[in-house]
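Quick caveat, the model's predicted, so the values are computed rather than measured.
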Amino acid sequence: MATMSKELRLNVEKALEEIRPFLRGDGGDISLIEIDEEHNIVKVQLEGACVGCSVNQMTLKSGVEMTIKKYAPQIQKVVNIEN
């Protein structure tokens, strides 16, 4: 099980690395907070300009979630944890 967790985490990190240049281009960023393997949910935190952006939910669903699912198809949902 630990091997699966490590592989899943690496895949999610790869997905976030693919997304980061687009977010940084708009003055934002993203951090991985937690992967809930029991419920197949990835928790992230949008940062910088992404925090108050009016389209951050669209970015989260159509950009972040779609890319994470490409690398880790078992993930069902990506949620933003606000500070």
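- Chaining together hydrophobic side chains whose heavy atoms lie under 4.5 Å apart leaves M66 on its own.
- Minimum heavy-atom separation, G63 to I19: O-CD1, 4.1 Å.
- Scanning for side chain to side chain donor-acceptor pair (under 3.5 Å) contacts around D36 gives H39, with sequence neighbours left out.
- The CG atom of N80 sits 7.0 Å away from the CD1 atom of I30 when rounded to the nearest 0.5 Å.
- Judged purely by distance below 3.5 Å, without hydrogens or angles, the side chains of Y71 and E18 pair a donor atom with an acceptor atom.
- Qualifying side chain to side chain donor-acceptor pair (under 3.5 Å) partners for K61, counting only residues two or more places apart in sequence or in other chains: E65.
- Checked against side chain to side chain donor-acceptor pair (under 3.5 Å), Q57 has no partners two or more places apart in sequence or in another chain.
- Grouped by direct or indirect side-chain proximity (heavy atoms under 4.5 Å, Ile/Leu/Val/Met/Phe/Trp/Tyr only), V55 sits with M58.
- Listed by first and then second residue, the salt bridge (Lys or Arg N to Asp or Glu O under 4.0 Å) pairs that reach into residues 71-83 come to none, sequence neighbours excluded.
- Here the straight-line distance linking atom CD1 of I68 with atom NZ of K14 works out to 13.5 Å at 0.5 Å rounding.
- Remark: D29 pairs with R20, R24 by the side chain to side chain donor-acceptor pair (under 3.5 Å) rule, at least two apart or across chains.
- Contact annotation: the side chain of L60 never approaches that of V79 to less than 4.5 Å [non-hydrogen atoms, C-beta and beyond].
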N/O donor-acceptor pairs under 3.5 Å from side chains in residues 41-51, not counting sequence neighbours:
residue, atom, partner, partner atom, Å
Q45, NE2, I81, O, 3.2
E47, OE2, S31, OG, 2.4

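- By the side-chain contact (heavy atoms from CB on, under 4.5 Å) test, D26 is found to be paired with no residue, residues two or more places apart in sequence or in another chain being considered.
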So L23 and T59, side chain to side chain contact (heavy atoms under 4.5 Å, CB included) or not? Walk me through it.
CA-CA 9 Å; L23 297 176; T59 298; 3.8 Å; yes
